[in-house]
Asker: 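Dropping the structure in here first, questions after.
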2 protein chains.
Amino acid sequence: MRRSSAQTKAGILAAARERFAADGYERATIRAIAAAAGIDPSMVMRYFGSKDGLFAAAAEFDLRLPDPRDLPRDQVGATLVRHFMHRWEADDALQILLRTGVTNQAAAERLRTVFVTQLTPTIAALTGAAGPLGQAESRAALVASQILGMALCRYVLRLPPAVTMTDDDVVAWLGPTVQRYLTGDAPAT
Amino acid sequence: MRRSSAQTKAGILAAARERFAADGYERATIRAIAAAAGIDPSMVMRYFGSKDGLFAAAAEFDLRLPDPRDLPRDQVGATLVRHFMHRWEADDALQILLRTGVTNQAAAERLRTVFVTQLTPTIAALTGAAGPLGQAESRAALVASQILGMALCRYVLRLPPAVTMTDDDVVAWLGPTVQRYLTGDAPAT
DNA sequence: AGTCTATGTCAACGGTTGTTGACCTGGTCC
DNA sequence: GGACCAGGTCAACAACCGTTGACATAGACT
């Protein structure tokens with residue numbers, strides 16, 4: 001055979017990740033993705049069924065959060081921030097979800113489930129059995145707001161000061177914030 | 001005359017804001033906007049020249065930041081968070097920019113200039129002449145990351161715990177964060 | 001050799017989009 | 001009344017999109 005189906009499938013997926021991450025869902029066209037993969041557009045349909053199917057495959061991913069019980073309790077915030085930054089830069093899928101979750105319903109749902117279902121148990125494990133689960137959910141949302149916000153400014157909007165900052169700067173500034181969202185006392189309201 | 005040009009122009013603008021805020025730039029079609037305004041699509045072209053022109057008009061807006069020198073220094077964080085939340089809910093333009101700035105180059109540029117040029121001087125006024133301007137820019141980016149991140153989770157992604165939280169909850173949690181980004185000592189890196 | 005299958009190309013479809021230009025129409029002014 | 005004009009409609013355009021089905025071809029198997 002000239003090429004294995006797995007090879008071209010992987011090639012399409014790689015090209016799709018690049019285009020989705022750069023252009024978002026609507027502006028990334030199947031024709032452009034196929035061209036980047038050096039293949040006919042109809043091959044994309046053959047392997048992934050539809051544009052939605054291709055997107056679902058391209059946006060597949062895992063936060064790979066570490067177990068917080070393995071970490072010194074007072075450094076869990078900084079560690080988590082650093083972990084996320086590595087994850088952002090290693091895997092396009094997070095940028096894809098962020099860029100498309102804003103207009104695409106399915107991507108928004110994916111982002112929601114990823115952050116709620118993967119972050120909440122991590123936090124629940126940290127706070128222990130004490131405290132209601134609802135608190136863990138709120139804390140997860142707060143952490144997500146800061147983490148996603150920085151990713152938005154740094155990788156998507158490319159806000160100059162956010163881009164210029166070193167990774168260490170970001171960890172030093174955001175670490176205490178996330179630490180407080182995770183382990184700090186709930187403020188009286 | 002059956003209708004004044006200013007009236008229909010305003011009608012188109014209102015419909016455009018709604019569609020752009022709900023669907024983003026690409027999925028909001030001129031035809032849908034025109035239909036919502038009860039008008040022919042070609043009228044949109046007559047009044048705004050092109051879709052880009054219409055978008056530019058619809059995304060016009062101002063943060064209307066208060067002068068921080070009028071506030072108690074230790075409450076400037078909480079005040080700013082509350083101000084932003086009111087601003088989000090009163091004016092569609094911020095949601096438009098957030099939803100479209102992710103794929104539309106012009107919208108991203110607008111968001112950048114809005115946050116950098118309106119937030120940075122406010123912060124510089126707060127920290128006084130002391131400290132380099134670069135610090136004010138970094139602090140502005142940090143504030144933007146937390147504010148935009150919460151807006152993203154709450155209004156765009158509709159992450160359930162972020163939506164459920166009351167305004168007071170958000171202010172109580174984010175206030176200290178923003179306060180530290182504004183007035184806290186720069187961490188040693 | 002001849003068949004079969006996986007891999008791939010090609011041309012076309014129906015639909016939607018931004019945009020354009022020709023045309024209509026109700027009110028205003030001479 | 002008739003010319004004029006701002007406000008509005010209509011049909012069509014070229015381009016692009018996702019998607020489809022008919023067709024080609026290189027290699028594996030009998």
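In what follows, every chain begins at residue 1, and chains take the letters A, B, ... in the order their sequences are listed.
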Asker: Out of C/dT7, C/dT19, D/dG8, which nucleotide sits closest to the side chain of A/Arg46?
Answerer: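 The listed nucleotide nearest to A/Arg46's side chain is C/dT7.
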Asker: Say whether A/Leu157 and B/Phe61 are linked into one hydrophobic cluster, either directly or through other cluster members, by side-chain heavy-atom distances under 4.5 angstrom.
Answerer: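 Both belong to a single hydrophobic cluster.
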Asker: Within this structure, what is the CD1-to-P distance between B/Ile39 and C/dT19, rounded to whole angstrom?
Answerer: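 Those two atoms, CD1 and P, are 18 Å apart.
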Asker: Whether the A/Gln179 and A/Thr183 side chains hold a donor-acceptor pair (N or O, under 3.5 Å, no angle test) is what I'd like checked.
Answerer: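 Looking only at side-chain atoms, A/Thr183 and A/Gln179 do form a donor-acceptor pair, the distance falling under 3.5 Å.
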Asker: I want to verify a distance call: between D/dG8, D/dT9, C/dT19, whose nearest atom is closest to the B/Asp40 side chain?
Answerer: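 Among D/dG8, D/dT9, C/dT19, the one nearest the side chain of B/Asp40 is D/dT9.
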Asker: Go nucleotide by nucleotide along DNA chain D from the 5' end; which of B/Met43 and A/Lys51 gets its closest nucleotide reached first?
Answerer: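 The residue closer to the strand's 5' end, by nearest nucleotide, is B/Met43.
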Asker: Of the nucleotides D/dT19, D/dG8, D/dG7, which has the atom closest to the A/Met45 side chain?
Answerer: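 Selected nucleotide (nearest to the side chain): D/dT19.
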Asker: Verify whether one side chain among B/Tyr25 and A/Thr103 offers a donor that lies under 3.5 Å from an acceptor in the other.
Answerer: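 The criterion, which ignores hydrogens and geometry beyond distance, is not satisfied for A/Thr103 and B/Tyr25.
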Asker: Between the side chains of A/Arg64 and A/Asp62, is the shortest nitrogen-to-carboxylate-oxygen separation below 4.0 Å, so that they form an ion pair?
Answerer: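 Looking at A/Arg64 together with A/Asp62, the answer is no, because their closest N to O distance does not fall below 4.0 Å.
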Asker: For A/Lys9 and C/dG8, what is the distance between atoms NZ and C1' respectively, to the nearest whole Å?
Answerer: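 Atom-to-atom, A/Lys9 to C/dG8, this comes out as 16 Å.
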Asker: Taking 4.0 Å as the cut-off, does a side-chain nitrogen or oxygen of B/Ser42 come that near to OP1 or OP2 on C/dG21?
Answerer: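 Checking C/dG21 against B/Ser42, no side-chain N or O comes under 4.0 Å of OP1 or OP2.
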Asker: Please state how far atom CZ in A/Phe48 lies from atom P in C/dT7, giving the value in whole angstrom units.
Answerer: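 Roughly 13 Å, once rounded to whole Å.
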Asker: Determine, for A/Arg82 against A/Asp168, whether the closest basic-nitrogen to carboxylate-oxygen distance falls under 4.0 angstrom.
Answerer: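 Judged by the 4.0 Å cut-off on N to carboxylate O distance, A/Arg82 and A/Asp168 do form a salt bridge.
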Asker: Under a 4.0 Å threshold between the charged nitrogen and the carboxylate oxygen, would A/Asp167 count as salt-bridged to A/Arg154?
Answerer: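 Result for this pair is yes, salt bridge flagged.
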Asker: Kindly state which residues belonging to residues 18-34 of chain B come within less than 4.0 angstrom of DNA chain D, counting heavy atoms of the residue only, listed by number.
Answerer: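 Only B/Arg31 qualify.
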Asker: Given atom CG of B/Asp52 and atom C1' of C/dT19, what is their separation to the nearest angstrom?
Answerer: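 To the nearest whole Å, that distance equals 13 Å.
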